[in-house]
Amino acid sequence: MQLQQYKTTLMGILNVTPDSFFDGGKHFDKLEYTIAQVKQMVIDGADIIDIGGESSRPGAEPVSIEEELRRVIPIIEALAKEITAPISIDTYKPQVAKTALQAGAKMLNDITGFKNPDMI
């Protein structure tokens, strides 16, 4: 029996929300700082960068499509020019997913498991 070898893939998480559970909102509205931090994630070994503009923590207030786009699209556009690691958009909104893919994201991360058929 021959064993297959697999490579572990690391995903760097970038929460672009004012109430991020991890970084307390450090990346919210700070494009230059955010780009530098993501570049460091890649240097440190992140294979994929996952960008989310709406908190999924319990009790978090939903944000509008327009607000989520305002948070994530400038970062995706800038990072697509700066890094080679694929960018993942963390959203459950089809309009945000489509715009993010057009801006340079390569993957979708939908916490609802693609319950909305428009996400597929």
Side-chain angles (χ1 to χ4, degrees):
M1 174 184 211
Q2 185 176 8
L3 295 176
Q4 290 184 338
Q5 292 185 339
Y6 295 96
K7 177 188 179 293
T8 300
T9 302
L10 297 176
M11 179 179 277
I13 307 296
L14 179 67
N15 297 309
V16 192
T17 61
D19 62 346
S20 172
F21 72 92
F22 174 70
D23 67 9
K26 287 181 190 174
H27 300 114
F28 184 68
D29 278 342
K30 297 173 185 165
L31 186 60
E32 289 178 21
Y33 175 81
T34 300
I35 301 303
Q37 291 300 305
V38 171
K39 285 181 176 181
Q40 189 61 52
M41 284 184 200
V42 174
I43 289 168
D44 290 344
D47 299 297
I48 301 167
I49 301 299
D50 188 56
I51 301 173
E54 179 175 4
S55 178
S56 60
R57 69 172 172 73
E61 292 291 324
V63 298
S64 68
I65 291 168
E66 295 77 19
E67 176 61 15
E68 190 172 351
L69 288 168
R70 185 190 73 76
R71 292 177 181 183
V72 300
I73 296 306
I75 294 169
I76 292 170
E77 289 173 339
L79 285 174
K81 297 173 189 171
E82 298 279 336
I83 64 171
T84 57
I87 298 167
S88 169
I89 179 66
D90 182 350
T91 189
Y92 59 89
K93 298 172 184 156
Q95 300 92 327
V96 174
K98 182 178 181 179
T99 304
L101 291 170
Q102 291 169 341
K106 302 295 183 200
M107 304 169 73
L108 299 178
N109 175 9
D110 178 357
I111 63 168
T112 70
F114 296 96
K115 286 183 180 176
N116 182 338
D118 290 338
M119 283 293 285
I120 297 169

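Along the sequence shown, the residues carry numbers beginning at 1.
Nearest heavy atom pair, residue G104 against residue A80, reads CA-CB, 4.1 Å. Across P86 and K106, no two heavy atoms sit closer than the pair CB-CB, 4.2 Å. The minimum heavy-atom distance between V42 and A85, with the atom names listed, is CG2-CB, 4.1 Å. In plain terms, the two heavy atoms of A105 and I76 that are nearest each other are N-CG2, 3.6 Å. Between V72 and G52, the shortest heavy-atom contact is CG1-C, 3.9 Å.
Side-chain atoms of L31 and I75, non-hydrogen and from C-beta on, do get closer than 4.5 Å to each other. Between I89 and M107, every side-chain heavy-atom pair lies at or beyond the 4.5 Å cut-off. When side chains are defined from C-beta on, T91 counts as touching E68, because their heavy atoms get closer than 4.5 Å. Taking the side chain as every heavy atom from C-beta outward, Y92 and K115 never approach each other to under 4.5 Å. In this structure the side chain of L108 reaches within 4.5 angstrom of the side chain of L101, judged on heavy atoms. When side chains are defined from C-beta on, I51 counts as touching L79, because their heavy atoms get closer than 4.5 Å. Side-chain contact between V63 and R70 is absent, with no heavy atoms from C-beta onward closer than 4.5 Å.
Using a 4.0 Å cut-off between charged side-chain N and carboxylate O, E54 and K93 make a salt bridge.
Under the side-chain hydrogen bond (donor to acceptor under 3.5 Å, both in side chains) criterion, D47 pairs with K7, not counting sequence neighbours.
Residue pairs meeting the side-chain hydrogen bond (donor to acceptor under 3.5 Å, both in side chains) criterion with at least one partner in residues 73-89, sequence neighbours excluded, are K39-E82, D50-S88.
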Step by step, would you call I48 with L10 a side chain to side chain contact (heavy atoms under 4.5 Å, CB included)?
CA-CA 6 Å; I48 301 167; L10 297 176; over 6 Å; no

Test I87 against I83 for side chain to side chain contact (heavy atoms under 4.5 Å, CB included), laying out the working first.
CA-CA 9 Å; I87 298 167; I83 64 171; 4.2 Å; yes

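A distance of 11.0 Å separates CZ of R57 from CG of N15, quoted to the nearest 0.5 Å. Taken from OG in S56 to CG in D90, the straight-line distance is 6.5 Å, to the nearest 0.5 Å. Here E61 contributes atom CD and T17 contributes atom OG1; the two are 13.0 Å apart, rounded to the nearest 0.5 Å. Note that CD1 of I49 is 11.0 Å distant from CD of Q37, once rounded to the nearest 0.5 Å.
Hydrophobic clustering (side-chain heavy atoms under 4.5 Å, transitive across Ile, Leu, Val, Met, Phe, Trp, Tyr) keeps M11 apart from I111.
In terms of modelled atom types and a separation under 3.5 Å, the side chain of D110 and the main chain of T112 share a donor-acceptor contact.
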